[in-house]
Trainee: 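Following this message is one structure expressed as structure tokens.
Numbering of ligands and ligand atoms starts at 1, following listing order. Computed from a predicted model, the values in this text were never measured in an experiment.
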Amino acid sequence: MLPYGRQSIDDDDVAAVVAALRSDWLTTGPAVAEFEAAVSAACGDVPAVSVTSGTAALHVAYAAAGVGPGDEVVTTPLTFVATAAAAALHGATVVFADVEPDTGNLDVEAARAAMTERTRVVAAVDYAGLPAEPERFAELAHAHGALFLEDAAHSIGSRWAGRPVGAFADLTTLSFFPTKNLTTAEGGAVLATDPGLERRARLFKNHGLVREPDAQRWPDEGPWHQEVHELGLNYRLPDVLAALGTSQLRRLDAFRTRRAEIHARYDEGLRDLDGVRTPAHRADAEPAWHLYPLRVLDGRRREVFESLRAAGIGVQVNYIPAYWHPAFADLGYRRGLCPNAEAYYEQEISLPLFPDLTDADVDRVVEEVRRAVTGR
Ligand SMILES: *Cc1c(COP(=O)(O)O)cnc(C)c1O
């Protein structure tokens, strides 16, 4: 089965991990600082805090934003559930606003209509790798005294108006899961444009431990002393995985180029096919495409999905609207809330897209899609 996403690991990656294993540190050592510096350099020189997953990055980012009970977080339903779940786990109320019908990205005007005086964070997702109007979302959030969080789990390496993802939002979260644009096996990062937000993120991912005597309440306790002012968790990315990440980052440009080539080859092969719609583009974007979200029209998504799976094409669906999950349904969220997101979900199939896919693989997928859609 051809998977929909897959890591690309080369000999340099293997050597980097082996070197970390033979070093003095397995967990938080020099490889972590090196990786954070490299992530920052790839993301507009915004400081980066590494964590153990994209989900941890969201949990940390909402903590840094001070999100809690009584606060509202406006977000998109067309995302992996973690974007909403991490806010809800802090006690916030999640407010789902609808997406643009063509890109599947959170609609700025829908988000604007959902803002109240309780809105603490607007969280957009760069769906499939296409940045979600980051300048307009930053402006919208700030006009309401809120923060803009960009869930860039799909989009490290993407650019908007010539600047890299990470340069725009108060808080940007990344995922380094194997199917994403680069991997550390499990891993993630939070980018924070404000030093106060960065500090809060660093504290939350390391139990809230305050080590600087100047900042402690009881600094005379002894040289061993560290104290917790606000509770946190352990979300520290180990050196072994950070070393893999630094090695992977050297190929980020090559990954973006190859992903764009594959995306263009699918567009070329499927554009003229009746009964499907190829993904929307935006003039300001140079995406590092994470997904190729094909839309299957006329209620035929399931049928086409099943025949592609039967043909050995490991297609996926991204995503069921977040509030359809029973955990949100049980809180009273009703189907019909965001019609564009629901319509998008009902048509979407993600075709295989990863750097090691060959042109012949792509052509085979195109052929199977054409066969499944036309029945010939
Ligand atoms: C993958 C993903 C996450 C979670 O990242 P993990 O590293 O799998 O925890 C969050 N948001 C979106 C949009 C994702 O695609």
Trainee: Hey, does the side chain of Gln216 reach the backbone of His225 with a donor-acceptor pair shorter than 3.5 angstrom?
Mentor: yes
Trainee: Starting from atom 12 (C) of ligand 1, which protein heavy atom do you reach first, and at what distance in Å?
Mentor: Ala153 CB, 3.4 Å
Trainee: Please give me the minimum heavy-atom distance between Phe328 and Tyr333, naming the atom from each residue.
Mentor: O-CD1, 3.1 Å
Trainee: Heavy-atom distance under 4.5 Å between the side chains of Asn181 and Phe255, does that happen here?
Mentor: no
Trainee: Heavy atom under 4.0 Å from ligand 1: found in Tyr319's side chain, backbone, both, or neither?
Mentor: side chain
Trainee: With heavy atoms of Thr79 as the reference, note each atom of ligand 1 found under 4.0 Å away.
Mentor: 13 (C)
Trainee: Which of the numbered atoms in ligand 1 are below 4.0 angstrom from a heavy atom of Ser175?
Mentor: 1 (C), 5 (O), 6 (P), 7 (O)
Trainee: Return yes if some donor-acceptor pair links the side-chain N/O of Asp98 with the main-chain N/O of Asn340 below 3.5 Å, else return no.
Mentor: yes
Trainee: Quick test: of every protein heavy atom, which one is nearest to atom 6 (P) of ligand 1, and how far off is it to 0.1 Å?
Mentor: Gly54 N, 3.4 Å
Trainee: Does the ring-ring contact (aromatic ring centres under 6.0 Å, His included) test come out yes or no for Phe177 and Phe80, once each step is laid out?
Mentor: CA-CA 13 Å; Phe177 188 72; Phe80 183 59; 8.7 Å; no
Trainee: Looking at every heavy atom in both Ala123 and Thr83, which two are closest together, and how far apart are they?
Mentor: CB-CG2, 4.5 Å
Trainee: With side-chain contact (heavy atoms from CB on, under 4.5 Å) as the criterion, how do Tyr319 and Val81 come out once you've worked through the C-alpha distance, each side chain's angles and the decisive distance to 0.1 Å?
Mentor: CA-CA 9 Å; Tyr319 296 93; Val81 66; over 6 Å; no
Trainee: If you have a sec, work out which protein heavy atom is nearest atom 15 (O) of ligand 1 and how many Å separate them, to one decimal?
Mentor: His154 NE2, 2.8 Å
Trainee: For ligand 1, which atoms have a heavy atom of Thr83 less than 4.0 angstrom away?
Mentor: 11 (N)
Trainee: Record the part of Ser53 in heavy-atom contact with ligand 1 below 4.0 Å; permitted values are side chain, backbone, both and neither.
Mentor: both
Trainee: Could you check atom 11 (N) of ligand 1 against the protein and tell me its nearest heavy-atom contact, residue, atom and distance included?
Mentor: Asp151 OD2, 2.8 Å
Trainee: Looking only at protein heavy atoms, which one is nearest to atom 1 (C) of ligand 1, and what is the separation?
Mentor: Lys180 NZ, 1.6 Å
Trainee: Can you tell me which residue and heavy atom of the protein come closest to atom 9 (O) of ligand 1, and the distance to 0.1 Å?
Mentor: Thr55 OG1, 2.6 Å
Trainee: Has the side chain of Arg251 got a donor or acceptor atom that lies under 3.5 Å from a matching backbone atom of Ser8?
Mentor: yes
Trainee: Could you see which bit of Leu58 sits under 4.0 Å from ligand 1, with heavy atoms only: side chain, backbone, both or neither?
Mentor: side chain
